[in-house]
Undergrad: 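This structure is in structure tokens; I'll ask about it shortly.
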Protein chains: 2
Amino acid sequence: MAKVNVNLPQGTRDFSPEVLRKRQYIINTIRSVFEVYGFEPLETPAMENLNTLMGKYGEEGDKLIFKILNNGLERVEKHEKARAAFDKVLDGKNTPDLTERALRYDLTIPFARFVAMNHAQLTFPFKRYQIQPVWRADKPQRGRYREFYQCDADMVGSKSLLNEVELTNIYASVFDKLNVRIQLKINSRKILAALAEVSGGADKMVDITVAIDKLDKIGLEKVQEELQQRGLNDSQIETITRYLQITGSNAEKIAAMKALLGDNETAKTGFEEIEYVLNQPEGIATECLDVDFTLARGLNYYTGIIFEVKALDARMGSIGGGGRYDDLTGLFGVPNIPGVGISFGLDRIYDVLEELNQFPANVSSGTQVLFFNLGDAESKKAFELMQQLRNAGIASELYHENSKFDKQFKYAEKKAIPYAVILGSKELENGEVILKNLQARTEERYSFDKLAEALK
Amino acid sequence: MAKVNVNLPQGTRDFSPEVLRKRQYIINTIRSVFEVYGFEPLETPAMENLNTLMGKYGEEGDKLIFKILNNGLERVEKHEKARAAFDKVLDGKNTPDLTERALRYDLTIPFARFVAMNHAQLTFPFKRYQIQPVWRADKPQRGRYREFYQCDADMVGSKSLLNEVELTNIYASVFDKLNVRIQLKINSRKILAALAEVSGGADKMVDITVAIDKLDKIGLEKVQEELQQRGLNDSQIETITRYLQITGSNAEKIAAMKALLGDNETAKTGFEEIEYVLNQPEGIATECLDVDFTLARGLNYYTGIIFEVKALDARMGSIGGGGRYDDLTGLFGVPNIPGVGISFGLDRIYDVLEELNQFPANVSSGTQVLFFNLGDAESKKAFELMQQLRNAGIASELYHENSKFDKQFKYAEKKAIPYAVILGSKELENGEVILKNLQARTEERYSFDKLAEALK
């Protein structure tokens with residue numbers, strides 16, 4: 001066997017036809033729902049200017065951005081400057097003589113950049129969806145890649161909670177079409193802010209959120225320990241504990257939380273938001289809505305309703321999430337454009353569909369019919385018939401050469417092609433073909449003009 | 001107006017919804033034809049290891065590859081090594097301590113890398129298509145970008161000329177569906193090799209090819225000058241000139257060329273190849289096939305039939321091309337896998353369709369129906385009706401807030417939404433809606449349960 005002297009960068013993947021077709025099934029499902037909800041497609045370049053990205057994802061994020069080496073550094077004058085710039089890398093400084101561009105780290109910042117650059121021409125509210133890869137120099141591990149797709153839908157330019165209702169319905173509709181039962185958790189960051197205020201730690205909002213965010217993973221006791229370490233006192237931790245222990249139906253949880261947070265004004269607005277989303281017309285989304293006051297979402301730019309999706313029947317973390325933000329484009333000089341968005345976790349959804357065996361049976365099927373190649377005159381006729389099938393939209397192939405019957409058969413088998421058409425010298429004379437159903441192991445004869453019809 | 005402090009890297013583009021929908025129309029057309037011809041989708045990562053790409057595109061190509069800076073260079077030990085590596089950049093050396101990865105430059109080399117890595121598992125002949133962006137650090141200019149899509153279909157593992165016939169039909173079918181009349185030029189590199197042999201310059205094959213490749217752009221006289229500069233003598237140039245001056249129908253050109261190249265064995269094989277492709281069953285592809293012995297194609301890895309597509313009714317260079325190669329995966333340690341492939345020039349096809357006004361009228365349409373928001377009770381009912389339309393696949397929106405009628409109307413207008421549904425307090429009482437056709441400026445009333453039907 002030949003010695004292959006090549007491989008892939010760590011954390012990246014080729015997608016073979018079978019896997020890619022399954023991924024496209026998920027993407028097409030998400031895309032069709034985005035479209036029917038009036039979201040419009042957008043694509044941004046893989047590269048952004050480095051200063052568009054730096055400082056937007058925290059100190060850790062900055063380190064995980066893939067930076068692109070400037071070109072032309074072999075030219076002496078550029079090289080000198082780049083060498084000087086190079087030493088600044090040690091300090092984590094921005095070094096435009098060495099690298100000016102980077103690969104996008106998510107789809108949100110490029111979207112904000114797009115809106116900022118084009119806000120004068122856009123019609124608001126602007127609703128876009130974007131399905132593209134992003135790149136992060138994370139340490140690769142199971143389920144974590146350096147190149148992966150994000151599927152985002154965002155709406156900017158409206159404070160109306162109707163948008164949140166729309167997004168819950170998008171989640172419900174996508175997962176309904178994918179045959180995955182979900183729980184759609186919602187909360188409002190305003191309830192978390194109220195908790196911070198009521199517990200007397202308004203300045204500890206971030207500490208409280210970060211600790212609560214870990215509840216699922218580490219449990220109540222560890223959260224309490226972490227709150228203590230973060231400088232909250234016993235009485236504060238007591239209030240937060242009561243907050244975290246509220247259970248019941250959506251109505252029961254809201255009632256209990258109202259009792260706990262009392263007349264706090266921030267909380268009132270938070271409850272209004274949640275109740276608006278809950279009180280939407282009965283339908284597909286309301287069935288899966290679950291008010292979860294322990295839902296925090298790590299990202300600090302969220303300001304209102306936040307979402308997270310869990311698959312009910314699979315062991316898997318969140319397969320989607322999002323929320324409302326107030327001022328994303330302010331970063332780029334265009335303030336006061338509020339928005340709300342959601343994201344679908346493509347790789348995890350893929351794993352869930354595999355685990356639940358919910359990919360449609362025909363999702364990975366390519367060629368439907370293989371015409372056997374049994375000689376020059378025979379294959380010329382086969383080619384003609386094949387073109388008729390293709391014109392009717394039936395994916396077909398003619399075996400590339402007049403090989404042994406067995407070899408052609410094996411090709412069909414390996415590629416899981418369901419039908420074979422046999423057109424030998426006798427059939428050519430009789431103006432007919434043998435159509436073999438390779439799965440059922442049956443066969444029938446058809447005259448040339450009846451083949452396309454038989455296969456439809 | 002806000003001061004926007006951000007922009008895009010030179011040579012890259014955002015694709016707005018309108019442009020993107022047109023691009024997707026082209027891509028989907030190409031993809032559907034690839035699929036019906038039994039080609040399977042493949043995606044490879046944006047990044048490849050640098051040594052996979054370097055040396056594959058010539059010296060100029062190497063310089064145009066976007067290299068990715070290694071991460072973690074702010075750590076002292078990595079930084080020291082990278083600094084040492086940095087000085088080697090001056091010599092154009094491979095410097096793995098500084099950069100180990102790069103963005104793909106085309107789809108052919110990643111495909112060859114994929115086949116080499118997976119040849120033991122693949123079923124041959126393996127037919128894949130790949131539609132993904134590539135990146136080149138070319139100087140940006142009109143029509144030349146640093147990020148652009150390639151749409152490739154390749155078949156590897158078969159020497160059969162049937163594959164060439166298939167590819168001509170793919171070209172014909174795609175451009176037929178796009179309503180673009182084309183000329184599909186074909187030649188064989190073997191004819192060019194024979195010319196080199198016959199003119200007594202077998203060792204000058206590359207020089208001859210490079211010069212002939214420029215015929216369209218610079219004309220016969222300049223080609224002759226270039227041949228002289230490249231060291232060919234008068235008698236050789238005389239033969240080449242006679243070669244280039246052959247005109248007529250396909251049959252006439254072949255006859256004249258046979259007279260010129262006589263009994264040359266390489267030429268004979270070349271004519272066989274061309275005649276096989278020409279003598280395919282009458283049909284869509286044969287109508288546009290044009291034998292063009294002056295067709296050379298720049299790339300040196302072609303060995304047999306070569307293709308190039310020109311739009312008949314638009315002023316534009318080639319909008320597609322390809323050919324047969326013998327040993328692409330040999331580069332990666334897996335020899336003897338012959339193949340043939342074609343490529344579609346997405347950006348140029350886009351420009352041709354714009355010039356010929358051949359994009360379908362509805363290609364850029366998003367939302368079909370805007371429900372006006374005329375109050376809480378009214379919009380709640382509107383939401384219900386809208387969900388029915390969406391379930392029927394009709395892209396719909398409910399205006400996000402109860403704004404003035406004019407403002408909502410303007411939104412529909414700006415987004416070119418063809419229908420509006422008015423559901424005010426009176427309509428809510430009567431159980432009906434007003435459906436406005438915004439283009440025809442007509443309107444009709446429908447009861448709630450008849451709306452979806454009316455719009456289908």
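Nothing here was measured: the structure is a model prediction, and the numbers come from that model. The chains referred to below are lettered A, B, ... by the order of the sequence lines, with proteins before strands, and numbering in each begins at 1.
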Undergrad: Please flag which part of A:Leu161 lies under 4.5 Å from any non-hydrogen atom of chain B: side chain, backbone, both or neither.
TA: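 Nothing of A:Leu161, per the 4.5 Å heavy-atom cut-off to chain B.
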Undergrad: Would you mind checking which part of A:Leu331 comes under 4.5 Å of any heavy atom in chain B, side chain (CB onward), backbone (N, CA, C, O), both or neither?
TA: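 The answer is the backbone of A:Leu331.
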Undergrad: Quick one: are B:Tyr37 and A:Arg390 in side-chain contact, heavy atoms under 4.5 Å?
TA: yes
Undergrad: Return the option, out of A:Leu162, A:Leu122, A:Thr367, with the maximum number of heavy-atom pairs under 4.5 Å with chain B.
TA: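 With the most close heavy-atom pairs to chain B, the winner is A:Leu162.
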Undergrad: Counting C-beta onward and ignoring hydrogens, is there a side-chain heavy-atom pair between A:Leu103 and B:Met47 closer than 4.5 Å?
TA: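 Touching, per the 4.5 Å side-chain cut-off.
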Undergrad: Just to verify, what does A:Asn118 make a side-chain hydrogen bond (donor to acceptor under 3.5 Å, both in side chains) with, not counting sequence neighbours?
TA: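 A:Asn118 satisfies side-chain hydrogen bond (donor to acceptor under 3.5 Å, both in side chains) with no residue once adjacent residues are dropped.
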Undergrad: Heavy-atom cut-off 4.5 Å, strictly under: side chain, backbone, both or neither for B:Leu389 against chain A?
TA: neither
Undergrad: Using heavy-atom distances under 4.5 Å, tell me whether A:Leu370 contacts chain B through its side chain, its backbone, both, or neither.
TA: neither
Undergrad: Looking at B:Lys63, B:Arg23, B:Gln24, which one has more heavy-atom pairs under 4.5 Å with chain A than the rest?
TA: B:Lys63
Undergrad: Do A:Met117 and B:Val6 come within less than 4.5 Å of each other through their side chains, counting heavy atoms only?
TA: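 A:Met117 vs B:Val6: side chains touch.
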Undergrad: For residues A:Pro125 and B:Tyr411, determine if any side-chain heavy atom of one lies less than 4.5 Å from a side-chain heavy atom of the other.
TA: yes
Undergrad: Taking only residues two or more places apart in sequence, or in another chain, which ones meet B:Gln368 in a side chain to side chain contact (heavy atoms under 4.5 Å, CB included)?
TA: B:Ser365, B:Ile394, B:Pro418
Undergrad: Which atoms of A:Pro9 come close to chain B, meaning under 4.5 Å heavy atom to heavy atom: side chain ones, backbone ones, both, or neither?
TA: both
Undergrad: What part of B:Gln387 lies closer than 4.5 angstrom to a heavy atom of chain A: side chain, backbone, both or neither?
TA: side chain
Undergrad: I want to check something: taking the side chain as every heavy atom from C-beta on, are A:Leu69 and B:Phe66 in contact at a cut-off of under 4.5 Å?
TA: no
Undergrad: Tell me whether the count of non-hydrogen atoms from other residues, nucleotides or ligands lying under 6.0 Å of NZ in A:Lys22 goes above 12.
TA: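 More than 12 heavy atoms, drawn from other residues, nucleotides or ligands, come within 6.0 Å of this atom.
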Undergrad: For chain A, which of B:Leu20, B:Asn7, B:Asn336 has the most heavy-atom pairs under 4.5 Å?
TA: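 Heavy-atom pairs under 4.5 Å are most numerous for B:Leu20.
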Undergrad: Using a cut-off of under 4.5 Å for heavy-atom pairs, which of A:Asn49, A:Asn373, A:Leu64 has the most such pairs with chain B?
TA: A:Asn49
Undergrad: Among B:Gln280, B:Lys415, B:Glu384, which has the most heavy-atom pairs under 4.5 Å with chain A?
TA: B:Lys415
Undergrad: Does a side-chain heavy-atom distance below 4.5 Å link B:Glu166 with A:Met386?
TA: yes
Undergrad: Using a cut-off of under 4.5 Å for heavy-atom pairs, which of A:Ser16, A:Pro281, A:Gly366 has the most such pairs with chain B?
TA: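 Heavy-atom pair counts peak at A:Pro281.
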Undergrad: Between B:Arg13 and A:Glu43, does any NZ, NE, NH1 or NH2 come within less than 4.0 Å of an OD or OE carboxylate oxygen?
TA: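 Salt bridge: no.
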Undergrad: For the backbone of A:Leu42 and the side chain of B:Asp14, can you confirm whether one donor and one acceptor N or O come within less than 3.5 Å of each other?
TA: no
Undergrad: Relative to chain A, which segment of B:Asn71 carries a heavy atom at a distance below 4.5 Å: side chain, backbone, both, or neither?
TA: side chain
Undergrad: Find out whether A:Phe383 and B:Asn169 are in side-chain contact, i.e. whether some heavy atom of one side chain is under 4.5 Å from a heavy atom of the other.
TA: yes
Undergrad: Out of B:Lys127, B:Arg113, B:Glu401, B:Lys414, return the one with the most heavy atom pairs under 4.5 angstrom to chain A.
TA: B:Arg113
Undergrad: Looking only at heavy atoms and a cut-off of under 4.5 Å, which of B:Pro133, B:Ser160, B:Pro45 has the most pairs with chain A?
TA: B:Pro45
Undergrad: Could you verify whether a donor N or O on one side chain and an acceptor N or O on the other, from A:His400 and B:Ser158, lie under 3.5 Å apart?
TA: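 Yes.
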Undergrad: Do B:Glu40 and A:Glu18 have side chains that get closer than 4.5 Å, going by heavy atoms?
TA: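 No - every pair of side-chain heavy atoms lies 4.5 Å or more apart.
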Undergrad: Return yes if some donor-acceptor pair links the side-chain N/O of A:Glu147 with the main-chain N/O of B:Ala46 below 3.5 Å, else return no.
TA: yes
Undergrad: So which residue, B:Gln10, B:Glu48, B:Lys381, ends up with the most heavy-atom pairs under 4.5 Å with chain A?
TA: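 The answer is B:Glu48.
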